[in-house]
Protein chains: 2
Amino acid sequence: MTIPRGGAPAPKYQRLAADLRRRIEAGEWQGGAQLPVEGDLEQHYGVARNTVRLAVDVLVNEGRLVRMQGKGTYLKQQPVFDHRAYLAARLPGQRDALAAPSEVYTREARTAGRRLTVDFDMLVVRARPDVAQRLGLPPDDAVVVRRQLRLLDREPYSIEESHYRAGLAAGTPLMDPEPAPGGDEQVLAAMGRSETSAVDHLAARMPGPEEAAWFEIGPGVPLLVQTRVTHDRRGPVRVIETRYAADRCRLVYEVGEGREPGPRP
Amino acid sequence: MTIPRGGAPAPKYQRLAADLRRRIEAGEWQGGAQLPVEGDLEQHYGVARNTVRLAVDVLVNEGRLVRMQGKGTYLKQQPVFDHRAYLAARLPGQRDALAAPSEVYTREARTAGRRLTVDFDMLVVRARPDVAQRLGLPPDDAVVVRRQLRLLDREPYSIEESHYRAGLAAGTPLMDPEPAPGGDEQVLAAMGRSETSAVDHLAARMPGPEEAAWFEIGPGVPLLVQTRVTHDRRGPVRVIETRYAADRCRLVYEVGEGREPGPRP
DNA sequence: AAGTGGTCTAGACCACGGG
DNA sequence: CCGTGGTCTAGACCACTTC
């Protein structure tokens, strides 16, 4: 279970990190408590400050600690919000089973005692290769992207982007740079393109610099990425890519008579 | 989109990281190519070696680079394997819709031209708080954990753990320290506890040290964690937690007549 | 002003991989 | 053996937060 080392002891900073991890798991500091300052750790363990920083780096990159300049280093503690992924397989006839207007999410959040706000924008760009492929387009074809930037209690929460074939969106309210009343689903329904099926791909990866900046997340927090391709009988309708800061939510999929005993502590 | 700074320029190592990121995205190095060695970067940019290392740290933690001691620093490139999550809502009557014996996964891998091998073990432990809650047990109650360690082409791939109430598993083949022929589903069916519904929670987080060691992943690679609670009419049956190295697979959920145009490049 | 983390340098030695 | 990345030290100054 350990990486082989030629008899050599583990490096100081790793042993230091392991000891801090042990103390954290032993509950030596609770909640969002402050850890000893770097100078104290330096003295306590008898190492150079750089070594202390290397050790703390490890725990920061594991998502256990956060550093705040001028204040200190703290235990991370984040509430997690369960976000229902609308696959809702038991409601096959229902139109909003595959996607839902933002009102649904706003209501879901309010039920959980949280406040969800949404910024909207629309842009026309060349399709990413994977989006082009999923929509059955030639590479670099233009797509209309309708984007929702969601904040939960003022905190950046998710970025949802719907990608439409330019030809499909042209001349429809999908070109409007504002949310469609009732959601894009309403618009698609009026065009006779109600979505009847979907495939979701779930992935996780570290954020790039822009994503880290927008989400206001530091090292150690991955993104959870949901890529949904919806279809109607004529073919693919849109690609919906939603990115979540993984320390702020989980996605929930249900099937059958699924009951959920309650949130995870 | 940028973190505010009081007129001060970004630190050297961040500018260096940004420049390397730009060069990477510009395609200056392809595939798994080797980057210039630290000494060269030090000279080229006119900074101390530590500053070079801080910059490379950033890109390693973003999952873009891997460092190999004694060899060099390389662009990361990983094939991604799509793993079908067995929700299969369109086959409501089918018993293996909520879980499947490992043969199913082995076959799925072989279809993709990959080889899946599985190690199995069984242990009895105190339930984690979240598992106890989902199974409706008092905290610290004993649970039987049946664990499958999966390798894809010899590479660590996933850890799947089924947690059963001790009382449910007692005196059944679920206590055997080996895989049940036909899967645990077969055993449950014989006990009259066929699973009819499930709730999945999807999360992402960074691995702890043991997980990083087992998966042989370095910094910058999160885990994708699927937590499935299955039910029959009498209540919760088991908690299945599956952890994946996120650079090696994605999870796929389908509903309706879902068609998938093909894998992402 | 004092205390915290953030950045940076210069130099040293070690461990690993491959010729 | 050499070149690579890995670890560690000592010390300096900066930027931010709090009082």
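Residue numbers start from 1 in every chain, and the chains themselves are labelled A, B, ... in the order their sequence lines are given, proteins ahead of strands. What you see below is based on every heavy atom in this structure, not just the backbone, and it leaves out hydrogens, waters and symmetry mates.
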How many Å lie between [atom1] on [X] and [atom2] on [N], as a whole number?
X	N	atom1	atom2	value
A:Glu38	D:dC13	CD	C1'	15 Å
B:Met68	D:dG6	CE	P	10 Å
B:Asp40	D:dG3	CG	P	12 Å
B:Glu42	D:dG3	CD	C1'	14 Å
A:Arg53	D:dG6	CZ	C1'	18 Å
B:Gln69	C:dC16	CD	P	6 Å
B:Leu65	D:dG5	CG	P	11 Å
B:Leu35	D:dT4	CG	P	13 Å

Are [X] and [Y] ion-paired here, with the side-chain N under 4.0 Å from a carboxylate O?
X	Y	answer
A:Glu25	A:Arg64	yes
A:Arg126	A:Asp140	no
A:Arg243	A:Glu161	yes

Next item on the list: Taking only the side-chain nitrogens and oxygens of A:Thr73, find out if one of them lies under 4.0 Å from OP1 or OP2 of C:dG5.
Entry: yes
Notebook entry, point to check: Phosphate oxygens OP1/OP2 of C:dG18: is one of them under 4.0 Å from a side-chain N or O of B:Lys71?
Noted result: yes
Next item on the list: Would you please classify the geometry between the B:Tyr253 ring and the A:Tyr253 ring as parallel, tilted or perpendicular, with 30° and 60° separating the classes?
Entry: parallel
Could you go through nucleotides 8-11 of chain D and list every protein N or O atom that sits under 3.5 Å from one of its N or O atoms, giving the distance for each pair?
residue, atom, partner, partner atom, Å
D:dC8, OP1, A:Lys12, N, 2.3
D:dC8, OP2, A:Lys12, N, 3.4
D:dC8, OP2, A:Tyr13, N, 3.0
D:dT9, OP1, A:Lys12, NZ, 2.9
D:dT9, OP2, A:Ala48, N, 2.9
D:dT9, OP2, A:Thr51, OG1, 2.3
D:dT9, O4, A:Asn50, ND2, 3.4
D:dA10, N6, A:Asn50, ND2, 3.4

Next item on the list: Rounded to the nearest 0.5 Å, what's the gap from CG on A:Leu202 to OH on A:Tyr244? Could you check?
Entry: 9.5 Å
Next item on the list: Please round to the nearest 0.5 Å and tell me the distance separating atom CD of B:Glu38 and atom CG of B:Asn50.
Entry: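 Reported value, rounded in 0.5 Å steps: 9.5 Å.
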